Protein chains: 2
Amino acid sequence: MNTCIRLYADPVQIKTCKEKVENTENAFSQMSAVLSLAGNEVRLKILYLLEEEKELCPCDLSDILGMSIPAISQHLRKMKDGGIIQARKEGQTIFYSLKPEHLKMLRSLFKYINELNAKMELA
Amino acid sequence: MNTCIRLYADPVQIKTCKEKVENTENAFSQMSAVLSLAGNEVRLKILYLLEEEKELCPCDLSDILGMSIPAISQHLRKMKDGGIIQARKEGQTIFYSLKPEHLKMLRSLFKYINELNAKMELA
DNA sequence: TTATTATTTAAGCAAATTCTTAAATAAATA
DNA sequence: TATTTATTTAAGAATTTGCTTAAATAATAA
């Protein structure tokens, strides 16, 4: 760890930054966990679809996304473990839906996806 | 790919969803690329710090985050390749800053980080 | 009870991620 | 010119990711 000592480095700025990061450590860790879940294209689509359709089962998602059931199931489990979706059982079908917890943040991502899409349709 | 044919599956819903996903394909791919960059804790911190400080060099970031220079440099390159940060050279120092492109979206993430942090300080 | 259906779980594997150390650039200084 | 400084690049290793196939659960239907 050879810390380079820049001639023009501002020690006060560095110290302030260190404190900021330290005080926000938990928020960073929580937030990056959620973002890494949403940062996979398949999972992002699932989240988007759950927002649109309220709830969907692994079978539907497999059909819609053209992927194997186990692949979908494993993505769902990951997001359930991460606390961003929840499951409801009805007979032998399991319906997944978005958990309220990070919904506000996820919605802002969906909004941005729609904006991006609108932009690209123009071009 | 043994598509399961649920008895109560709604073929119209499935078809509509397929079309939605197909029409938004590019936006999903762009968006998930950005989110996967932000979904790493180190990179999320770097992005946050760049927003706060306007610009920082690899050396500063290495100091602030307590990580080796090459590790930081590789994260920066990844984000530069991904088009979310930019570089400015001044002598032998290279200053990195956020690119305007996805700034609006990133800012909403930072806002959420601050909200999360405020919540956690209460508890 | 036996078979079918919806889903999960487990094992295995290829590819991607993220660090480390060492070497290469490239600008500034002695 | 030779040395120091800031940064990048490359190679390698440990870990994680995301799929596949096959087997295990569990609810429904015959």
Side-chain angles (χ1 to χ4, degrees), chain A residues 1-10 14 28-29 32-47 55-82 85-97, chain B residues 1-10 14 28-29 32-47 55-82 85-97:
Chain A
M1 200 85 69
N2 58 339
T3 42
C4 78
I5 304 118
R6 273 202 310 129
L7 191 55
Y8 299 107
D10 177 348
I14 306 258
F28 278 122
S29 130
S32 64
V34 174
L35 290 177
S36 75
L37 289 172
N40 171 284
E41 193 167 337
V42 173
R43 285 193 297 265
L44 188 60
K45 285 176 183 170
I46 294 178
L47 291 170
E55 57 179 18
L56 287 166
C57 63
C59 172
D60 289 337
L61 286 166
S62 159
D63 245 20
I64 296 167
L65 298 176
M67 290 181 62
S68 76
I69 302 255
I72 295 290
S73 177
Q74 280 157 25
H75 279 302
L76 289 170
R77 181 177 48 176
K78 209 164 203 180
M79 292 194 282
K80 200 177 153 216
D81 289 350
I85 66 172
Q86 61 201 170
R88 173 179 80 83
K89 197 166 193 173
E90 189 178 310
Q92 48 184 336
T93 304
I94 296 176
F95 289 101
Y96 284 90
S97 57
Chain B
M1 197 86 67
N2 57 338
T3 42
C4 77
I5 303 118
R6 271 201 311 129
L7 191 57
Y8 298 108
D10 177 349
I14 306 259
F28 279 121
S29 130
S32 63
V34 175
L35 290 177
S36 75
L37 289 172
N40 171 284
E41 193 167 338
V42 173
R43 286 193 296 266
L44 187 61
K45 285 176 184 171
I46 293 177
L47 291 169
E55 56 179 21
L56 287 165
C57 63
C59 171
D60 289 337
L61 286 165
S62 158
D63 245 21
I64 296 165
L65 299 175
M67 290 179 63
S68 76
I69 302 256
I72 295 290
S73 177
Q74 282 157 21
H75 280 300
L76 289 169
R77 180 176 49 175
K78 208 164 204 179
M79 292 194 280
K80 200 178 153 214
D81 289 348
I85 65 172
Q86 62 201 167
R88 173 179 78 83
K89 197 164 192 174
E90 191 179 307
Q92 50 183 335
T93 305
I94 297 177
F95 288 100
Y96 284 90
S97 57

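Residue numbering restarts at 1 for every chain, and letters A, B, ... go by the order of the sequence lines. Since the structure is predicted, the reported quantities are computational estimates derived from the model, not experimental observations.
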Worksheet entry | Atom-pair distance (CD1 on I69(B); P on dT25(C)), nearest Å | 19 Å
Worksheet entry | Positive for side-chain contact (heavy atoms from CB on, under 4.5 Å) with I46(A), one of I85(A), L65(A), L37(A) | L65(A)
Item to complete: Return the set of residues passing ring pair (Phe, Tyr, Trp, His ring centres under 6.0 Å) with Y96(B) (not counting sequence neighbours), or none when no residue passes.
Response: none
Worksheet item: Quick one: D60(A) CG to dA6(C) P, roughly how many Å, whole number?
Response: 10 Å
Fill in: Whole-Å distance separating the CD1 atom of I46(A) from the P atom of dG18(D)
11 Å
Worksheet item: Can you check the K89(B) NZ to dA26(C) P distance for me, whole Å?
Response: 7 Å
Worksheet item: How long is the line joining CD1 of I94(A) and P of dT7(C), in whole Å?
Response: 7 Å
Discussion item. Measuring to OP1 and OP2 of dT8(C), would you say a side-chain N or O of S73(A) lies under 4.0 angstrom away?
Written reply: yes
Discussion item. Categorize K78(B) for me: base, sugar-phosphate, or nothing, with a 4.0 angstrom heavy-atom threshold over every strand shown.
Written reply: sugar-phosphate
Discussion item. Quick one, D60(B) with D10(A), criterion side-chain contact (heavy atoms from CB on, under 4.5 Å). Give me CA distance, side-chain angles, the key distance, then yes/no.
Written reply: CA-CA 9 Å; D60(B) 289 337; D10(A) 177 348; over 6 Å; no
Discussion item. Does dC19(C) have OP1 or OP2 under 4.0 Å away from a side-chain N or O of H75(B)?
Written reply: yes
Worksheet item: Could you state the CD1-P distance from I72(A) to dT20(D), rounded to the nearest angstrom?
Response: 10 Å
Practice prompt. Kindly indicate whether the side chain of Q74(A) and the base of dT20(D) share any N or O donor-acceptor pair separated by less than 3.5 Å?
Written response: yes
Discussion item. Please compare N40(A) and G91(A) by the position of their nearest nucleotide in DNA chain D and report the one closer to 5'.
Written reply: N40(A)
Discussion item. Among R43(A), Q86(A), Q74(A), exactly one meets side-chain contact (heavy atoms from CB on, under 4.5 Å) together with M79(A). Which residue is that?
Written reply: R43(A)
Fill in: Any T93(A) side-chain nitrogen or oxygen under 4.0 Å from OP1 or OP2 of dA6(C)
no
Worksheet item: Does the side chain of L76(A) come within less than 4.5 Å of I94(A)'s, by heavy atoms?
Response: no
Practice prompt. Check the distance between dT18(C)'s C1' and L37(B)'s CG and give it to me in whole angstrom.
Written response: 14 Å
Item to complete: Taking only the side-chain heavy atoms of A71(B) (C-beta and beyond), determine which of dC19(D), dA27(C), dT20(C) contains the nearest atom.
Response: dT20(C)
Worksheet item: What's the CD-P distance between E41(A) and dA15(C), to the nearest Å?
Response: 19 Å
Worksheet entry | Short side-chain N/O contact to dA6(C) OP1/OP2 from Y96(A), under 4.0 Å | no
Fill in: Any R77(B) side-chain N or O less than 4.0 Å from OP1/OP2 of dT8(D)
no
